[in-house]
Every structure is written in structure tokens, then in C-alpha cells.
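Here's the structure, in C-alpha cells; my notes come after.
A, B, ... follow the sequence lines: proteins, then strands. Residue 1 opens every chain.
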Number of protein chains: 2
Amino acid sequence: MKPTLRAVAEAVGVSRSTVSNAYSRPDQLSAELRRRILDTARQMGYPGPDPTARSLRRGFVGAVGVLFTSRLSYAFTDPFAVRFLTGVAEAAERHGSSLLLVPLPAEPAGAVKAVENAAVDGFCVYCAGDEEGILDTIRGRGLPFVTTSSRPRAGDRWVGIDERAAARSVAEHLAGLGHRRVALLGDNVLPDAATGLLRVADVADVPHPTTRERLAGFADAFAAVGVAWPELAILSAPGNTRAAGAAAVRALDALAEPPTAVLACSDVLALGALDALVAAGGHQAISVTGFDDIAEAESAGLTTVRQPGEEKGRSAAQLLFDPPADASAGQILLPTTLIVRTSSGPVPRS
Amino acid sequence: MKPTLRAVAEAVGVSRSTVSNAYSRPDQLSAELRRRILDTARQMGYPGPDPTARSLRRGFVGAVGVLFTSRLSYAFTDPFAVRFLTGVAEAAERHGSSLLLVPLPAEPAGAVKAVENAAVDGFCVYCAGDEEGILDTIRGRGLPFVTTSSRPRAGDRWVGIDERAAARSVAEHLAGLGHRRVALLGDNVLPDAATGLLRVADVADVPHPTTRERLAGFADAFAAVGVAWPELAILSAPGNTRAAGAAAVRALDALAEPPTAVLACSDVLALGALDALVAAGGHQAISVTGFDDIAEAESAGLTTVRQPGEEKGRSAAQLLFDPPADASAGQILLPTTLIVRTSSGPVPRS
DNA sequence: TTGAAAGCGCTACCAG
DNA sequence: CTGGTAGCGCTTTCAA
């Protein structure tokens, strides 16, 4: 058993407060006494004040929780999520704060429990699909938090982009190139959707907010050139992975008239789409666009919408550490840019 | 102020233990009483037992610390580190444990303090350069840990590869192709080393253990074909980034007789080396090899040594969660494979 | 400068 | 099935 602060105090013959001060408030005792205390402590093998006890007493932990909707390991698998995390880590580092990555079980009840049990001073919530239950739990604990979801509630701190407008910008690019028969590709467009083509009565039916907004943005642009929602082919991928994107796109083979362009809700899916089209030999004919502008997008020549990933994370953490005095400054809208590369081009003449 | 468990107990008219049981040991009271307690608690806005207080009392936190030598954000910047983290996250997820990423300040004293203050049940230490101080601090706290450093101390839990043999394997490949005049490229080969060519009297002088072992492995293979250490050009990059690798390789221009091959200690550096050589127009003539086999290595055609990143992380966490009964099983040696791609070839006839 | 007192909020033993 | 008791290990007034 490790000795406690109390034991050190007894050994040195001073009070517990003095030992505590030796560690946490050096200016409260003579340098000499302090050295004597620290030396004795070292000799006894006292590892310093217990972090948990200290947190309890101080009412402060020194860690922020980071929450991901999907499996925690997804956070590292998705390049954009990694960039977000990088930004959060940078800010946390500067602030001297640790990052607690909390895995959320799939069942909502388990997720709520996980959030209740996290010893943190606040949360950064990365794009949680079904996020309201989570946010309410955080509110219930009275802890501050920042979201990156696509629909901030008034008063909530938030950092994100205009998903819909950003999506519209790529779609307008394609529409401008003459594309009219297109497919939209998202990850789990409907709950438990099969991989591939899907009937979606209304964009509003798409549960995941980010996917919904992006699809809506795509649709906006095509509606403006006379292509209505029902005429758009909707593809659902079983996860935001390259393989899933490829799998979904293969469903286009079933179509009598394949689309001339595929608009993906993420670069990862778009790269998967390219994989499938290249494998099928038809990638020259079909334009593909992504979203995020991850590193691989450049070498793949993927046309996409760039959003600042690290900055998103950095701002989120910053917003948590230094709440703006003016609550209205608590919502940060980041810019996006259309990046046109070689994966998109005019509709081939047939 | 949020109500406490005590307030709930008083409101319901039961003892504190009973309320505690309602949350943590449902089988210890009647379903009905439990519901009454939980309902009242909800009404009062009691957020459930405080995680910190619970941890203090239970003597268990439910989180493992993850330590990186360099800046925490590096953990997300380096593709191999990300794979390691993915593995750790997977195991933690399965185990229901959170991950505490602790930023370590650059000064050793600060780093020690950070480790002392981390509220965790154990640590996964990812390849810390100056790791002994850190490990001693962990030992001082009496917490279990797993390292991935290249020189496990007897009795320590460890998961890693045979760095030296793995490095030797790529070097032998190049030696077999006839290369004799080669450059070795590492990240911060000597402390505060300038970018570029470096004189290193002895491999043993290289402080970072991983870099040292890999360089030693490279040297082994060339020694076997008659090329002694002093004949090898040593390149130091100012960080493990692509740009740093490129910068270091540009120093080769100063050489009258450039090497026919560059052996890098990581894929990231190797890709940087390729960047520089391509930009200089000379990449056909010079073979380049990496280490790790990250995703980008494949599309770049990089010859490299593959080590299983996710598995390294998974095993490390697993070793922490389920200590093997037999202490000798606490050291897991992972296999590596030489992956030959197009970035290496025979020495061009001159 | 130093120390005594008073908990932070909770859980677990053990007796009823 | 329930509740009393006894801390987990520390920090922080406040008075000496």
C-alpha cells in the first residue's frame, strides 16, 4: 500500500495542510521545510497527492470529454475526425488539459450512463447522430459543452459550417457542367438501409442531421435547374468507409441509364466510389465529388468541398475553455471552399 | 447547485446507502423502491452519482492513460500513431474503459507532474523517447503500464517488434540489389541536430531508442557486405513529417557522389524523401525505403517494412486490462514483413 | 508560517 | 431488503 499524505505529515511531524501546501502552494511555507517534506515523501515512496481525491476536493478535474456518436475507434479511422481531434488536442495541450475519449455504447441507455460517469469538466461533442439524449445528459450534469452538429440550439456553444450551402456549392458546380441525371451517396441514409439504391420519400426523413443537410444542399442545386428530388438516385453506404462507398456505387449497375455524376457526402465515400468506377472501367464517364477535402483527396484528384478540420477542433476546445462573454459569440461558423479537381467534368456526349 | 445523493436520500426518506444501491446495485432493493428513488432523483435534477467521488471511494477510475513522448497532437498527425490509437481504442471500447490522452509538457519536470496528476488505472506508453523518468513516475504511483519502447525492462509488460531485425531486412534487400553508397534518414538523430547531413561517431550515440535500433539494423546489413558505419551518410530530419523528410534529403545535393539509396526510419520521412527526389528530377536513380507501411505507402509504391499498428495498440491495451498470469507472457513480439514495391530497385549503371 | 477543523460526494461493510 | 458507520485522500478557510 502506498503511503498517503497523512502518513507523510506524521513522519515529518507537521500537519496535513502543510504537506498539501508543499505540493500545491510552495509559497505557503519556508523553502527549507518544503524540501524536508518533499524529501521525506520521496523516501517513503509517496507518489504525490492522489489525482482523484484532489479532483473531488477541488471540484475540478482538468480533463475535457470528447464524444463520438459512432464507435470510438471510428474517430481514428475517419481522416476528417482525426483532423478534428488534432485541433482539439492542440488546444487542450496549450490549456494544460487532458482529453478523455469516452466510448459510447450503441444502446442509448448505455451511452447516457457513459456520459454520466465521465470525470470531466466539459465536453466536445463531435457530430453525434442521435445527440439530444446525450446533450440533455450533459446539461443535467450542469457541465459546459460544445457541439459540431448541424443544428445548434439557441444558446448552445457550437462550431461548424453551413452544411447545406456547402453541399449546394459542389452540386451547382456539377449542374453547371450539365449534369442532370445524378446519384447522391451518403452513409446510412436511412436507418438499417440496405447497401445501394434507396427510395427516400423526402430529405427530411433522413435521420442523421449532417447527411440530411448535405443531401438537401445537393437537392437544392438540382431543383434550381429543374431536377426534382424524386429524380435523384439515392445511394446508401453501410458506413463511412471507402469499401462501403464502393459497395454502394456498384448498385448503379442495375440502372438502365446510369447517372453522369455521383455526389458523395464525404471524401471517404467518394474515394470508394472512384474505386468502384475505376474497377468497372467507367470512371472516365462519371464525375465524382466528395466532401471534407481530406489529404487523400488531393492525390486522387477529387473535386470536393474543403472544410477546416483542425480549426474546427481547435475552435471547439477553445470555446469550451474560454466561453465568450457575449453568448452570441458562442457560435462559430467556419468557411468552406469548393475545390475543383479532375474527378469532375462535363457530361460526356453520348 | 446540483443536489447530491444525500439530498435525494432525505427527500425519499431512506438512507444514503439505499440511494447509492439504487444506482449501482439494483439487486439490493425492491424494484418499487428503486423506481421511487430514481423518479424523485430525476425530479430533483440529481444527475446521478458524481464520477469523481465514486472513483475516490471505489479506488478505481475506469480510464487508461495514453502517453506520447512528443506533442499530443503528434499522436494524430502521425499515421502510424493513429493506427496504434485505433487499436487501443478498440480494446478500451470492448472493455468499457475510457482513454485519457495526457499531453506531456516538454520539460521533464512538467511531464512527470502530468503523469502524477492523471486520474487513471494504468498507462499505455507509446514509444516515449526519454521514457525512464516517465516510467519511474508510473511505477512510483504503483500503477500498471505497458510500453512499446524498443528495450523492455525485464518484468515490464511490453508489445513491440524486433526493430533492429526489421530494419536489417529492408537494408539487406537494398544491399542485395547492389547498393553500397547509401544514406540513412531518421528524425532528430542527435539532439538539436541540424537538418541534413550529420556526423555520428557511433550508433550508440543516437538517443531515441527506436531510431537508434533501426539505424543499427540498417548498419548491420551493410556491415555484412563490407560497408562500415562511417561510410554511411546520416541524414537527420527535424521531426517526423513529410516536409521534414524532404528538407533533410535536399542536403544530399551537397555531396559529390550522391547515394544510390535512402533508407528512412519511417514511411512519413520516406515519402518526404520521395517528394524531394521527384522535385529534383532524380527519383528514378535513387531507391527509397520506409518503415511502418502506412496507407499512403501503397499508393506511393514505397518499399517498406510492415508492422501491425492496430494490433500493437490492441495488444497493449489488452495486456493492461488482462495481465497474463504468467509474467513471461507479458512481452508480446509482433511480426514484421518486408514489403517490396517500386521505390526500390537495382543500382543504376553509371 | 503553521495547524485544526470541516468536509468534497460517495460506497461498502455489517448488523438488523 | 435496509440503514448506520466509517472512511476513500485531499484542500482550504480560518485562527493561532
Side-chain angles (χ1 to χ4, degrees), chain A residues 1-38 40-41 44-62 113 116-121 140-143, chain B residues 1-38 40-41 44-62 113 116-121 140-143:
Chain A
M1 208 48 212
K2 289 276 144 196
T4 67
L5 180 148
R6 169 188 219 114
V8 176
E10 278 161 6
V12 182
V14 295
S15 80
R16 307 230 234 28
S17 350
T18 304
V19 177
S20 175
N21 283 336
Y23 282 95
S24 312
R25 313 169 64 180
D27 51 318
Q28 296 298 296
L29 33 49
S30 67
E32 204 243 289
L33 177 55
R34 181 169 131 92
R35 282 198 358 110
R36 222 173 80 221
I37 292 175
L38 263 29
T40 315
M44 299 175 64
Y46 174 63
D50 178 275
T52 309
R54 165 178 284 188
S55 295
L56 175 60
R57 183 58 232 239
R58 289 191 168 159
F60 165 83
V61 177
K113 249 199 161 64
E116 284 172 346
N117 287 330
V120 296
D121 303 315
R141 285 187 58 181
L143 292 178
Chain B
M1 207 49 211
K2 290 276 146 195
T4 66
L5 181 147
R6 169 189 218 112
V8 176
E10 277 161 8
V12 182
V14 295
S15 81
R16 306 228 239 23
S17 346
T18 304
V19 177
S20 175
N21 283 335
Y23 282 94
S24 311
R25 311 171 64 181
D27 51 317
Q28 296 298 297
L29 33 52
S30 66
E32 205 242 289
L33 177 55
R34 180 170 130 92
R35 284 200 353 113
R36 221 173 81 223
I37 293 175
L38 263 30
T40 313
M44 301 175 63
Y46 175 63
D50 178 275
T52 309
R54 167 179 282 187
S55 294
L56 175 60
R57 183 57 236 237
R58 288 190 169 162
F60 164 84
V61 176
K113 248 197 162 63
E116 284 172 346
N117 288 329
V120 297
D121 303 314
R141 286 187 58 182
L143 292 178

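- Listed by chain and number, the residues in a side-chain hydrogen bond (donor to acceptor under 3.5 Å, both in side chains) with A/T18 are A/S15 (sequence neighbours excluded).
- Counting heavy atoms from C-beta outward, A/V12 and A/V8 have side chains that approach closer than 4.5 Å.
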Can you pull every protein N or O that's under 3.5 Å from an N or O on nucleotides 14-16 of chain C?
none

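- The nearest pair of heavy atoms linking B/M44 to B/A11 is SD-CB, 3.7 Å.
- Reading DNA chain D from its 5' end, the first and the last nucleotide to sit under 4.0 Å from a heavy atom of chain A are D/dG9 to D/dT12.
- An end-to-end axis angle of 30° holds for the helix from C/dT1-D/dA16 to C/dG16-D/dC1, taken from five base pairs per end and rounded to 10°.
- With the nearest nucleotide of DNA chain D identified for both B/L56 and B/L33, B/L33 has the one nearer the 5' end.
- Between the CD1 atom in A/I37 and the OH atom in A/Y23 there is a gap of 8.5 Å [rounded to 0.5 Å].
- Partners of A/S20 by side-chain hydrogen bond (donor to acceptor under 3.5 Å, both in side chains), not counting sequence neighbours: none found.
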For residues 28-35 of chain B, which side-chain donor-acceptor pairs fall under 3.5 Å, sequence neighbours excluded?
from: B/S30; atom 1: OG; to: B/L33; atom 2: N; distance (Å): 3.1
from: B/R34; atom 1: NH1; to: B/A22; atom 2: O; distance (Å): 2.2

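- Applying the salt bridge (Lys or Arg N to Asp or Glu O under 4.0 Å) test to every pair with at least one member in residues 47-56 of chain B, sequence neighbours left out, gives no pairs at all.
- Under the side chain to side chain contact (heavy atoms under 4.5 Å, CB included) criterion, A/R141 pairs with A/A118, A/F123, A/L143, B/P47, B/P51, sequence neighbours left out.
- Closest to the B/R58 side chain, of the nucleotides C/dG3, C/dA12, C/dC8, is C/dA12.
- B/S17 comes within 4.0 angstrom of a base, heavy atoms only.
- Taking every heavy atom of residues 18-26 of chain A and every atom of DNA chain C, pairs under 4.0 Å involve A/T18, by number.
- Considering OG1 of A/T4 and OH of A/Y46, their distance stands at 7.0 Å, rounded to 0.5 Å.
- Within the structure, salt bridge (Lys or Arg N to Asp or Glu O under 4.0 Å) pairs that include any residue of residues 9-25 of chain B comprise B/R6-B/E10 (at least two apart or interchain).
- Residues of residues 5-16 of chain A having a heavy atom closer than 4.0 Å to DNA chain D, listed by number: A/L5, A/R16.
- Across the protein-nucleic acid pair, A/I37 atom CD1 and C/dT2 atom C1' stand 10 Å apart, rounded to whole Å.
- Proximity of a side-chain donor or acceptor of B/D121 to a complementary backbone N or O of B/V61 within less than 3.5 Å is detected.
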